[in-house]
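Keep in mind the model is a prediction, meaning the values are calculated, not measured.
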Amino acid sequence: MSSLWVGTRLMRRRAATGPDKEITGVDRQKSLAVLQEAVAEVLAIDAGAVVEEATFREDLGADSLDLVEIVLALEDRLGVSLPQQGLKDITTVGEALSWVSDNYQAAP
Amino acid sequence: MRPASRSGRERVVVTGLGVKTPAGNDIKTLWSTLVAGESAIAVIRRFDPSDLPVRFAGEVADFDPGAYLGPKVVRQTDRTTHLGFAAAVDALTDADCVPADPARCAVVVGTGMGGTASFYEQIRKLIEDGPARLSPRAVTMSMPNATSAQIAMELGWRGPNLCLATGCTAGTQAIGEGARLIREGAADLVLAGGAEAAVTPIAIAGFAQMGALSTRNDQPERASRPFDALRDGFVLGEGAAFTLLESLDRAMARGARIYGEIAGYGRNCDAYHVTVPDPQGNGAVACMRLALDDAGLDPSMIGHINAHGTSTPLNDSVEAKAICMVFGSRTPPVTSTKGAIGHLMGAAGAVEAVASLVALGHGVVPPVTNLTQPDAELHIDVVAHTPRTGCHGSVLTNSFGFGGQNASLVLSLVDD
């Protein structure tokens, strides 16, 4: 996974690395795979249940602590630091995917 | 049968037992190890102990927390909670309990250190990776009351929920205080016991620095030898034990199997030194007498004693002295469960209460594992080599902790 995501702490912030890059369809798919893996691990559920329409709290049974753990699990996989506010204002997996993409600068 | 109550109070009985110990994860296996005088102590398997001054312990083997808790909860809780919850559920299942009002179902858990392994791991993370990488469950996994909380959440038990963190006395106190909840009318059912999973580098190194642990690295299975002349310290163990407590009236009304009665409970404090017992044994003597008085029993009615018997030079000599002060020159047979499984800290007293209840039922006192050379300075009747049979009468079980906290229980058969 790390070869696909050459993320480092130096290039983790949009602000530090310049303007948004267009997230291509391929990147979005890879982001979703990473997100699914992280969510499935933290919530101990099947990754197949982690679809974009699913809500974290109602559909997947996540609590506020789980959402923090999911951010940590994403950081582990992406090798980046994600913003402190994390997923707490986020409702669905799809929104989380956009949030990850927004906060993650893919390698050139 | 004795009157229904002493000074009008409820009589409290044990109708369910559950254990997760180095010597087995069910009552039958634990008991057969104790009766055979075998040792469950071995070189540490859960982590590489090469750098530690003491490299052996009593570890629980063949235990799958996933058989008791969902995978998410297993991830989110410490091994202390896994062991404790499993033993509690075993006790509840064993009691074949009829449902009770959840608001009158209580949980009392003793633990010395709580989720030590999780705390250790999170401290390591804090230092190596920084505060932003800490688990949001760093606190909830580690806190001593995590096990009592988890038992309540899983079972929906909304009554009194207590956690006693009185070190090596906690398991005994949990059962004593649990019995009091029923006596006081605060609960109908109580799951009371202890849980500890402190076989970790921090606990081993800490106790080793105190000089409290046996350093017999070349012969781990011979290291825990309570009341033996060659004892050189205690052996750390992990595990859990629980009892299901209810009133005698309730147990009889539902035709429950009754292991025995929590007939007496005493607890006090040495108020002397954080690790050294009062050399005169005053705290221990007073504590045993409190339990006997609470049971309304004369020392002559005690059939055997399950001693704290840690295998440290000092504990065993002071405890022996204290037993002589209470029982005179002819003491009842004395055993210590720690020779077989080591010292389970906050779970020790609970395992020993369970072992005492099983012994009571069989009328058999297990020998002290590794007692090959009884300490001639100790004037108590320690059971060595083979089990002692025909020991009738109640059991007195002691726990004395670092911190100076003492607790004793008197356990009796109800048809005595």
Side-chain angles (χ1 to χ4, degrees), chain A residues 2 7-13 15-16 34-50 54-90 93 96 99-100 103-104, chain B residues 63-86 89 114-115 117-156 158 161 163:
Chain A
S2 57
T8 69
R9 279 167 193 273
L10 290 175
M11 54 193 297
R12 70 199 182 199
R13 303 259 182 210
V34 170
L35 183 60
Q36 283 175 324
E37 199 182 283
V39 172
E41 179 192 277
V42 170
L43 302 180
I45 57 173
D46 196 279
V50 189
T55 60
F56 282 105
R57 289 171 188 270
E58 288 77 21
D59 295 338
L60 304 181
D63 63 21
S64 60
L65 303 182
D66 294 328
L67 295 179
V68 179
E69 281 197 278
I70 289 167
V71 174
L72 293 173
L74 284 168
E75 289 183 336
D76 284 340
R77 284 169 173 76
L78 300 175
V80 298
S81 289
L82 293 165
Q84 194 77 55
Q85 88 273 10
L87 296 170
K88 71 172 186 249
D89 298 324
I90 276 171
V93 172
W99 177 79
V100 171
N103 288 288
Y104 177 71
Chain B
F63 170 63
D64 173 21
Y68 292 87
L69 290 160
K72 188 178 168 194
V73 177
V74 169
R75 274 193 68 253
Q76 294 171 346
T77 50
D78 185 80
R79 182 170 170 82
T80 307
T81 297
H82 302 166
L83 293 167
F85 180 75
V89 166
S118 299
F119 199 47
Y120 178 73
E121 173 60 22
Q122 293 302 318
I123 288 172
R124 198 188 55 73
K125 239 179 163 50
L126 177 69
I127 292 168
E128 290 178 6
D129 303 334
R133 297 291 302 153
L134 216 58
S135 166
R137 301 186 193 276
V139 173
T140 58
M141 292 175 93
S142 314
M143 61 191 194
N145 55 324
T147 303
S148 55
Q150 198 65 44
I151 293 170
M153 283 187 283
E154 295 284 333
L155 302 178
R158 299 195 304 272
N161 193 287
C163 170

>> Can you tell me which residue among A:Leu43, A:Val42, A:Ile45 is in a side chain to side chain contact (heavy atoms under 4.5 Å, CB included) with B:Lys72?
In response: A:Leu43
> Between CZ of B:Arg75 and CD of A:Glu41, what distance do you get to the nearest 0.5 Å?
Replying inline: 5.5 Å
>> Does atom CZ (B:Phe119) have a neighbourhood of more than 12 heavy atoms from anything else shown, all under 6.0 Å?
In response: no
> Testing A:Asp63, A:Asp66, A:Val68 for side chain to side chain contact (heavy atoms under 4.5 Å, CB included) with B:Pro136, which one passes?
Replying inline: A:Val68
> Nearest heavy-atom pair of A:Leu72 and B:Leu134: which atoms, and what distance?
Replying inline: CD1-O, 3.3 Å
>> For the interface with chain A, which of B:Ala132, B:Gly70, B:Pro71 has the highest count of heavy-atom pairs at distances below 4.5 Å?
In response: B:Pro71
